[in-house]
Amino acid sequence: MILRWSNDSQLTGAREKALADYIVHKGLASRGLRDEILVQLCNQAWKNDNPEKVWQLMARCLAAFQPGPALSKLV
């Protein structure tokens, strides 16, 4: 889902928002999935030609939930 959100240039407007909301909802619903979502977003932002879109989703996720203790120790 994250790959599609960050790489699909035809995903715009309401569909883009719906997919971003779905990803955030998945993180809210599963504490174990939160760190995985954040790590995948970091991987997508690294050496990406268009990292702004990835950072937008990262900001949405971080506004909704915090990283878990294991990921927080790395920062």
Side-chain angles (χ1 to χ4, degrees):
M1 290 183 289
I2 292 171
L3 283 173
R4 181 171 179 212
W5 194 87
S6 59
N7 294 325
D8 190 346
S9 60
Q10 296 181 2
L11 189 65
T12 59
R15 294 184 73 185
E16 182 180 60
K17 183 183 180 319
L19 184 55
D21 289 346
Y22 181 74
I23 292 168
V24 169
H25 174 73
K26 285 295 199 181
L28 288 171
S30 173
R31 184 176 298 269
L33 193 56
R34 293 175 189 174
D35 285 351
E36 182 63 29
I37 290 170
L38 296 174
V39 167
Q40 290 302 319
L41 287 169
C42 289
N43 286 335
Q44 285 301 305
W46 181 255
K47 295 185 180 180
N48 189 324
D49 293 337
N50 187 18
E52 293 83 19
K53 191 171 180 181
V54 178
W55 286 112
Q56 289 173 1
L57 183 55
M58 176 78 81
R60 284 185 181 193
C61 289
L62 290 172
F65 54 84
Q66 296 180 340
L71 191 58
S72 295
K73 288 181 183 178
L74 296 174
V75 178

J.: Among residues at least two apart in sequence or on other chains, which ones pass salt bridge (Lys or Arg N to Asp or Glu O under 4.0 Å) with Glu36?
T.: none
J.: Do any side-chain atoms of residues 19-26 form donor-acceptor pairs under 3.5 angstrom with protein atoms, and if so which ones, sequence neighbours left out?
T.:
{"unit_1": "Asp21", "atom_1": "OD2", "unit_2": "Lys17", "atom_2": "NZ", "d": "2.7"}
{"unit_1": "Tyr22", "atom_1": "OH", "unit_2": "Lys26", "atom_2": "NZ", "d": "3.4"}

J.: Under the 3.5 angstrom rule, does the side chain of Arg34 hit a backbone N or O of Pro67 as a donor-acceptor pair?
T.: no
J.: Table please: side-chain donor-acceptor pairs of residues 54-66 below 3.5 Å, with sequence neighbours left out.
T.:
none

J.: Output all residues satisfying salt bridge (Lys or Arg N to Asp or Glu O under 4.0 Å) with Arg31, sequence neighbours left out; order by chain, then residue number.
T.: none
J.: Might you work through the side chain to side chain contact (heavy atoms under 4.5 Å, CB included) test for Asn7 and Gln44, ending with a clear yes or no?
T.: CA-CA 9 Å; Asn7 294 325; Gln44 285 301 305; 3.9 Å; yes
J.: What distance do Ser30 atom OG and Ile37 atom CD1 have between them, rounded to the nearest 0.5 Å?
T.: 7.5 Å
J.: Taking only residues at least two apart or on different chains, which pairs with a member in residues 41-55 satisfy salt bridge (charged side-chain N to carboxylate O under 4.0 Å, His left out)?
T.: Glu16-Lys53
J.: Mind checking salt bridge (Lys or Arg N to Asp or Glu O under 4.0 Å) for Arg15 and listing every partner two or more places apart, or none if nothing turns up?
T.: none
J.: Roughly how far, to the nearest 0.5 Å, is CG of Asn48 from CG of Asn43?
T.: 11.0 Å
J.: Compare every heavy atom of Pro51 with every heavy atom of Ala45, then report the nearest pair and how far apart it is.
T.: O-CB, 4.0 Å
